[in-house]
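Since the model is a prediction, treat every value here as computed from it, not as a measurement. Start at 1 and go down the list; that is how both ligands and their atoms are numbered.
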Amino acid sequence: MIIYRKATMKDVENLHQLINDFASQGLMLPRSRNALYETLREFIIAEDEGQFIGTGSLHITWDNLAEIRALAISPQYQHQGIGQKLVAELEMEAKNLYISQVFALTYQVAFFHKCDYRVVSKEEMPQKIWKECINCPKFPKCDEVAMVKNLII
Ligand SMILES: CC(C)(COP(=O)(O)OP(=O)(O)OC[C@H]1O[C@@H](n2cnc3c(N)ncnc32)[C@H](O)[C@@H]1OP(=O)(O)O)[C@@H](O)C(=O)NCCC(=O)NCCS
């Protein structure tokens, strides 16, 4: 049975490996252990019989906006609805915080469409979300797609 729970320090090595494996394929941004420690409370973990199988995080940007980040499912567990469930869990966290809009910067447009996100032009997003882009290896040539979803709170 798959459970979804908040991350703990015991998850950091698994997070580091999964995220950076995908990052080395150019699918997502890398994360240092330091960055994982500092943002650990933003992460939720999908676990199958005690085995780490995926993750995602919710980063608050503003009073009414939060970003879905670092979504990653182990290859052998993909296409089983786990990514969609993780997104739903992160949206529920946003709703519980009275945050009415979530967004992702992603290459996985078809997946986020399935989760009811719509593509918006990057210019529509507030300047503040680009604050951390300076640390991105792709800066300033960002080729990710901005996608948003309004939540009913
Ligand atoms: C993208 C990712 C998180 C999707 O997770 P997943 O658990 O495989 O997705 P799900 O099984 O929940 O899929 C939900 C729906 O999206 C679709 N979908 C998933 N990945 C897709 C893809 N790459 N292309 C097209 N559709 C996709 C599925 O077909 C499914 O549709 P269905 O309900 O009609 O069958 C996962 O493939 C992954 O970890 N990829 C590598 C890292 C990455 O790219 N992360 C995204 C960073 S923003």
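- Looking at atom 38 (C) of ligand 1, its nearest protein heavy atom turns out to be Q78 NE2, 3.4 Å.
- At a cut-off of 3.5 Å, with distance as the only test, a side-chain donor of N150 or Q101 sits close to an acceptor on the other residue.
- Residue, atom and distance of the protein heavy atom nearest to atom 24 (N) of ligand 1 are A110 CB, 3.9 Å.
- Among protein heavy atoms, the minimum distance from atom 21 (C) of ligand 1 is reached at H79 CE1, 4.0 Å.
- A salt bridge does not link E91 to K95: none of the charged nitrogens lies less than 4.0 Å from a carboxylate oxygen.
- Taking any N or O of F22, backbone or side chain, none lies under 3.5 Å from an N or O belonging to ligand 1.
- Below 3.5 Å of separation, one finds no N or O of M28 facing any N or O of ligand 1.
- Taking 4.0 Å as the cut-off between side-chain N and carboxylate O, R33 and E13 count as a salt-bridged pair.
- With hydrogens left out, the protein atom closest to atom 11 (O) of ligand 1 is G81 N, 2.7 Å, a heavy atom.
- Nearest to atom 34 (O) of ligand 1 among the protein's heavy atoms is K114 NZ, 2.7 Å.
- Polar contact check, T106 against ligand 1: no nitrogen or oxygen pair lies under 3.5 Å apart.
- Listed by chain and number, the residues in a ring pair (Phe, Tyr, Trp, His ring centres under 6.0 Å) with F43 amount to none (sequence neighbours excluded).
- An N or O contact shorter than 3.5 Å is missing between A72 and ligand 1 by distance.
- Side chains of E42 and H59: a donor on one and an acceptor on the other come within 3.5 Å.
- Checked against a 3.5 angstrom limit, the closest N/O atoms of G83 and ligand 1 fall inside it.
- The closest approach between a heavy atom of A104 and any atom of ligand 1 is not below 4.0 Å.
- For K141, the NZ atom counts as loosely surrounded, since its 6.0 Å shell holds 12 or fewer non-hydrogen atoms of other residues, nucleotides or ligands.
- Cation-pi check for K85 over Y4 is met; the charged atom lies under 6.0 angstrom from the ring centroid and within 45 degrees of its normal.
- Counting protein heavy atoms only, atom 39 (O) of ligand 1 is closest to I73 N, 2.8 Å.
- In summary, the side chains of D143 and Y107 do present a donor paired with an acceptor at a separation below 3.5 Å, with no hydrogens or angles considered.
- At the top of the distance list for atom 46 (C) of ligand 1, counting protein heavy atoms only, stands L71 O, 3.5 Å.
- At least one N or O atom of Q80, backbone or side chain, sits closer than 3.5 Å to an N or O atom of ligand 1.
- If you check which protein heavy atom lies closest to atom 33 (O) of ligand 1, you get Q84 OE1, 4.0 Å.
- Proximity of a side-chain donor or acceptor of Q127 to a complementary backbone N or O of E123 within less than 3.5 Å is not detected.
- Salt bridge annotation for K6-D11: absent, with no cationic side-chain nitrogen under 4.0 angstrom from a carboxylate oxygen.
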